[in-house]
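Only one structure is covered here, and it is reproduced in the block below.
These numbers were taken from a predicted model, which means no experiment stands behind them. Chain naming here is simple, since letters A, B, ... match the order of the sequence lines and numbering starts at 1 in each.
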Amino acid sequence: MGNNKYLDCKEIIATLFVTEVKMVGLDQDEIYALLEYPPDEKLGDLALPCFKFSKIFKKPPHVIAEEFQAKIASSPYIQEAIAIGPYLNFRFAPNKLAETVLKKILTTRERYGAQNIGNGRNIVIDYSAPNIAKPFHVGHLSSTVIGNSLYKLFTFLGYNCVGVNHLGDWGTQFGKLITAYNKWGSKLAVEEGLIQELMRLYVKFHEEAEKDPVLEDEAREWFNKIENGNQEAMELWKWFKEISLEEFQKVYEILDITFDSTAGESFYNDKIEAVVNELKEKNLLEESKGASIVNLDQYGMPPCLILKKDGSSLYATRDIAAALYRKKTYNFTKNLYVTGIAQSLHFQQWFKVVELMGYEWAKDLIHIPFGWVNLEGEKLSTRKGKVVLLEDLLETTIKRTLEIINEKNPGLVGKEEIAKEVGVGAVIFGALSVNRIKDVTFSWEEALNFDGETGPYLQYTHARACSILRKVAFEPDSNLDFEPKRLDDQAALKVVKTLYLFPEKIVAASNEYEPSIISRYLISLAQDFNGFYHECQVLVEDKALQQARLVLVYAVKTTLAVGLGLLGIKAPERM
RNA sequence: GCGUCUGUAGCUCAGGGGAUAGAGCAACGGACUUCUAAUCCGUAGGUCGUAGGUUCGAUUCCUACCAGACGCGCCA
């Protein structure tokens with residue numbers, strides 16, 4: 001736990017045991033790990049289950065809890081310790097907690113929760129990575145927004161992040177596209193239809209290839225030509241790529257997501273040979289059925305395909321080349337790959353190959369998998385043209401938001417921009433609110449519902465808080481005078497305790513590469529705040545009371561904005 | 001066949017060795033002349049997939065099974 005610059009009550013209690021209780025049989029770290037938040041707040045704010053001590057001292061846990069209680073004196077942050085059955089429950093000193101947490105927020109503001117855990121080390125985050133010549137659809141949303149959130153999160157924790165959009169701009173799909181273009185397409189049609197036309201050709205290819213498998217061979221030949229720099233093939237490839245990139249850029253602009261590098265698969269084309277040679281030198285490469293592979297039998301995995309029988313590369317080859325390049329270029333402490341769970345085996349395989357090549361940093365290659373997106377009962381399929389385009393989804397949610405604004409707040413200035421922030425926020429939050437690994441079913445009804453645990457709910461709560469602060473022109477100031485003891489309502493105290501948890505939550509989110517931990521935290525913060533909002537009037541006659549509550553409102557507003565920012569969601573001041 | 005992931009309220013999901021299993025949606029009943037009702041309060045709703053095992057204690061860990069999703073050589 002070390003030197004946490006944020007208030008850490010668990011650490012305080014663990015220290016208390018070492019310095020005051022002594023002779024407890026467990027060290028500070030063990031006690032720290034044992035401390036948990038009780039299921040019901042009435043019981044206390046933190047609890048130490050005493051079962052483990054029972055074994056050490058051969059006494060019933062409730063007796064131990066009582067003995068501990070007798071030895072624990074109150075300290076500035078811990079008001080009391082009460083033994084309840086086999087638990088020793090601690091109650092925070094509410095005034096001290098409120099004072100410490102709120103002053104911290106007044107001082108750090110939009111940096112509340114930030115830490116220098118990374119110490120400037122580099123993390124490469126590989127995310128989004130759409131395939132060129134395929135439309136950007138809801139299936140690409142997860143990678144894009146999870147990666148973006150991790151980028152912001154690790155930056156907030158002191159790492160230097162390198163966001164890489166590893167474009168799928170290489171591979172047999174281009175052979176397929178060129179084959180389809182030559183057979184059923186035309187220059188004019190592509191110029192007019194752009195990515196829609198490319199998608200039509202791609203779908204057409206798969207329809208026809210089912211009837212006539214020879215097309216697959218033709219496609220492979222075309223890809224081979226691209227790899228060998230055939231001029232006709234290269235020109236078409238470049239053209240298709242440009243069309244796609246423009247389309248993707250529109251979506252990234254709406255989402256406000258940027259990358260530090262867009263070195264895609266094609267970028268590594270000239271780095272493949274060196275990898276293959278290195279594999280050969282290290283005696284890892286074998287011939288099998290005409291292809292070149294790395295055998296992984298002894299690791300319980302199928303072989304990793306390095307070269308096809310026609311000598312062209314595969315995605316594992318390019319991934320290895322990319323990893324070597326990135327290590328050399330960025331000297332990363334971690335390289336995260338945000339892709340679907342379907343690719344788990346692929347990553348395990350080539351991570352192992354890198355390890356077998358003798359690179360100890362293979363352990364720093366981390367796959368961050370996420371579940372599938374389905375379309376209400378049906379599977380998403382680019383090949384069958386069965387997709388919801390991300391651009392359509394975003395435009396629809398923005399439109400819907402505008403309708404709601406016109407209904408609820410018609411006089412709002414800057415409606416268009418706010419509708420965009422809220423509509424896009426709804427989509428991003430929807431993708432980040434549940435555990436990465438879960439499969440999700442896309443539903444328009446859910447996507448357009450802005451009630452309850454949604455992005456707009458968080459933004460609305462933020463806008464409400466802003467509204468109060470605006471009415472009195474509240475200015476944050478680290479020397480601001482306020483009386484924490486005035487925040488003695490249950491609802492206000494609950495908010496303070498939840499604010500206290502924020503730094504702990506974002507560290508947990510980074511440890512698990514799980515933005516949904518932040519999402520859920522923000523929902524609980526907003527729920528607590530809205531409870532407070534209904535129960536306690538902020539703008540009141542009693543100026544000291546008002547001041548204390550204003551500080552609380554400011555703290556909530558700030559924490560919500562910081563948290564939303566880490567998710568890649570805007571926090572408008574009015575809506 | 002082998003492997004991975006998932007199974008908790010009608011639906012979508014939290015929780016993840018410990019004290020009576022929590023939210024939201026949908027349903028029903030309340031609260032706007034008062035800081036934005038995209039809100040809040042209340043009611044109802046669960047043999048935590050099934051069976052064993054480990055443990056003082058299992059919804060949580062282990063094993064088997066069931067169900068669903070996915071992956072297993074020249075697609076990415």
Side-chain angles (χ1 to χ4, degrees), chain A residues 36 38-40 43 47 49-52 54-55 60-61 84-87 89 129 131 134 168 170-173 175-176 216 219-220 223 265 288-293 300-310 312-316 318-319 339-346 348-349 369 371-372 374 379 401 404-405 407-409 412 422 426 433-435 437-441 443 445-446 449-461 463-472 516-517 519-520 523-524 526-527 530-531 533-540 546 549-550 553 574-575:
Chain A
E36 60 187 37
D40 187 337
L43 294 165
C50 296
F51 305 97
K52 290 257 182 342
S54 179
K55 273 198 183 135
I84 302 178
Y87 295 88
N89 292 335
N131 285 325
K134 292 193 198 176
W170 206 245
T172 312
Q173 81 252 27
K176 293 177 180 179
E216 299 277 2
R220 272 191 284 270
F223 175 55
E265 295 189 59
S288 171
K289 296 174 191 170
S292 302
I293 63 158
M301 283 186 276
C304 185
L305 276 273
I306 301 295
L307 293 174
K308 300 185 210 172
K309 59 183 165 209
D310 68 4
S312 55
S313 65
L314 283 140
Y315 70 141
R318 300 193 281 272
D319 275 341
T339 79
I341 190 173
Q343 295 185 47
S344 293
L345 178 60
H346 163 249
Q348 277 181 49
Q349 288 176 303
W372 289 83
N374 301 303
K379 220 189 267 177
T401 307
I404 296 175
I405 291 173
E407 184 189 313
K408 295 178 188 279
N409 198 356
L412 185 64
V422 175
S433 60
V434 305
N435 235 301
I437 209 71
K438 299 261 176 170
D439 290 347
V440 292
T441 298
S443 122
E445 195 191 330
E446 253 178 71
N449 174 31
F450 297 168
D451 296 334
E453 298 173 346
T454 63
Y457 172 76
L458 297 177
Q459 292 169 317
Y460 177 76
T461 306
R464 257 184 162 179
C466 287
S467 177
I468 295 174
L469 300 173
R470 197 161 50 231
K471 284 208 157 56
V472 292
S516 70
I517 291 176
S519 308
R520 290 193 303 266
I523 289 292
S524 71
Q527 285 171 335
N530 282 316
Y533 183 95
H534 275 267
E535 230 165 276
C536 306
Q537 183 75 17
V538 175
L539 305 178
V540 289
Q546 172 172 304
R549 287 181 173 171
L550 280 170
V553 172
R574 304 167 199 254
M575 66 186 269

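- Contact between the side-chain N/O atoms of A/Lys308 and the OP1/OP2 oxygens of B/C75 is found at a separation under 4.0 Å.
- RNA chain B is contacted by both A/Asp310 and A/Leu43; A/Leu43 maps to the nucleotide lying nearer its 5′ end (nearest heavy atom per residue).
- Within a 6.0 Å radius of CD in A/Glu407, other residues, nucleotides and ligands contribute more than 12 heavy atoms.
- Here A/Pro86 lies out of heavy-atom contact (under 4.0 Å) with every strand.
- Heavy atoms of A/Ala47 sit under 4.0 angstrom from at least one base atom.
- Annotation: B/G73 and B/C62 have their P atoms spaced 29 Å apart (nearest Å).
- Using a distance-only test at 3.5 Å, with no hydrogens or angles considered, a donor-acceptor pair links the side chain of A/Gln546 to the main chain of A/Val540.
- Annotation: side chain of A/Pro369 is not in contact with side chain of A/Gln343 (no heavy-atom distance under 4.5 Å).
- For the pair A/Asn435 (side chain) and A/Ile437 (backbone), a donor-acceptor distance under 3.5 Å is absent.
- Under a 3.5 Å cut-off, the side chain of A/Asn449 and the backbone N or O of A/Glu445 do not form any donor-acceptor pair.
- Comparing the P positions of B/G49 and B/U8 gives a spacing of 6 Å, expressed to the nearest Å.
- When distances run from any side-chain atom of A/Lys309 to the nucleotides B/C72, B/G73, B/C74, the shortest one goes to B/C74.
- Among A/Glu216, A/Lys308, A/Arg220, the one residue that satisfies the side-chain hydrogen bond (donor to acceptor under 3.5 Å, both in side chains) test with A/Thr172 is A/Lys308.
- Rounded to the nearest Å, the gap between the C1' atom of B/U47 and that of B/U43 is 24 Å.
- Under the rule for a side chain to side chain contact (heavy atoms under 4.5 Å, CB included), the partners of A/Val538 that lie at least two apart in sequence or sit in another chain are A/Ile468, A/Phe532, A/Arg549, A/Leu550, A/Val553.
- Across all strands shown, A/Asp319 has no heavy atoms under 4.0 Å from either base or sugar-phosphate atoms.
- Side-chain nitrogen and oxygen atoms of A/Asn435 include none within less than 4.0 Å of the OP1 or OP2 phosphate oxygen of B/C13.
- Residue A/Arg318 has a polar side-chain atom (N or O) positioned under 4.0 Å from OP1 or OP2 of B/A76.
- Nearer the 5' end of RNA chain B, as judged by each residue's closest nucleotide, is the contact made by A/Ile523, out of A/Ile523 and A/Ala526.
- Shown here, B/G49 is classed anti by the O4'-C1'-N9-C4 or O4'-C1'-N1-C2 angle, which is more than 90° from 0.
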Could you go through nucleotides 1-11 of chain B and list every protein N or O atom that sits under 3.5 Å from one of its N or O atoms, giving the distance for each pair?
unit_1 : atom_1 : unit_2   : atom_2 : d
B/G7   : OP1    : A/Lys438 : NZ     : 3.1

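- Side-chain contact annotation: A/Arg520 with A/Ser524, donor-acceptor N/O pair under 3.5 Å absent.
- Here A/Asn449 does not reach the OP1 or OP2 of B/G24: none of its side-chain N or O atoms lies under 4.0 Å away.
- Stem regions for RNA chain B, each three or more consecutive Watson-Crick or G-U pairs with both distances under 3.5 Å and listed by first number, read B:1-7 with B:66-72, B:10-13 with B:22-25, B:27-31 with B:39-43, B:49-53 with B:61-65.
- B/U39 and B/G15 have their P atoms separated by 23 Å, given to the nearest Å.
- Nucleic acid contact class of A/Thr339 (heavy atoms, under 4.0 Å, all strands): none.
- If you take atom C1' in B/C28 and the same atom in B/A44, they sit 8 Å apart, rounded to whole Å.
- Residue A/Asp439 contributes atom CG, which lies 8 Å from atom P of B/C70 at whole-angstrom precision.
- Rounded to an integer number of Å, the gap from A/Lys176 NZ to B/C75 P is 8 Å.
- Within the 4.0 Å cut-off from OP1 or OP2 of B/G15, at least one side-chain nitrogen or oxygen of A/Arg520 is found.
- If you take atom C1' in B/G68 and the same atom in B/U50, they sit 15 Å apart, rounded to whole Å.
- Below 30°, between 30° and 60°, or above 60°: for A/His346 and A/Tyr315 the angle between ring planes is below 30°, a parallel geometry.
- Atom CE in A/Met301 sits about 13 Å away from atom C1' in B/G71, given to the nearest Å.
- Computed from coordinates, the A/Asp40 CG to B/A21 C1' distance equals 13 Å when rounded to whole Å.
- Glycosidic conformation of B/C32: syn, with the torsion inside 90° of 0.
- In this structure, the CG atom of A/Leu345 is 15 Å from the P atom of B/A76, given to the nearest Å.
- Every residue meeting the side chain to side chain contact (heavy atoms under 4.5 Å, CB included) condition with A/Tyr460, not counting sequence neighbours, appears here in chain and number order: A/Arg464, A/Met575.
- A/Ser516 places none of its side-chain heavy atoms less than 4.5 Å from the side chain of A/Val434.
- Under the rule for a ring-ring contact (aromatic ring centres under 6.0 Å, His included), the partners of A/Phe51 that lie at least two apart in sequence or sit in another chain are A/Tyr87.
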Quiz item: Reading nucleotides 29-39 of chain B from the 5' end, what letters show protein touch, with B for base, S for backbone sugar-phosphate only, - for no heavy atom under 4.0 Å?
Solution: ------BBSBB

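- When heavy atoms are screened at a 4.0 angstrom cut-off, A/Gly171 is found touching the sugar-phosphate backbone but no base atom.
- Nucleotides B/U59 and B/A9 have their P atoms positioned 15 Å apart, rounded to a whole Å.
- In this structure, A/Gln173 contributes its side chain and A/Gly168 its backbone to a donor-acceptor pair below 3.5 Å.
- Taking atom P in both B/A14 and B/G71, the straight-line distance is 22 Å, to the nearest Å.
- If you measure from atom CD of A/Gln349 to atom P of B/C75, you get 15 Å, rounded to the nearest angstrom.
- In the set B/A19, B/G73, B/A76, B/A19 carries the atom at the smallest distance from any side-chain atom of A/Pro39.
- At the heavy-atom level, A/Glu265 lies under 4.0 Å from the strands shown only through sugar-phosphate atoms.
- At least one donor-acceptor pair closer than 3.5 Å links the side chain of A/Thr461 to the backbone N or O of A/Tyr457.
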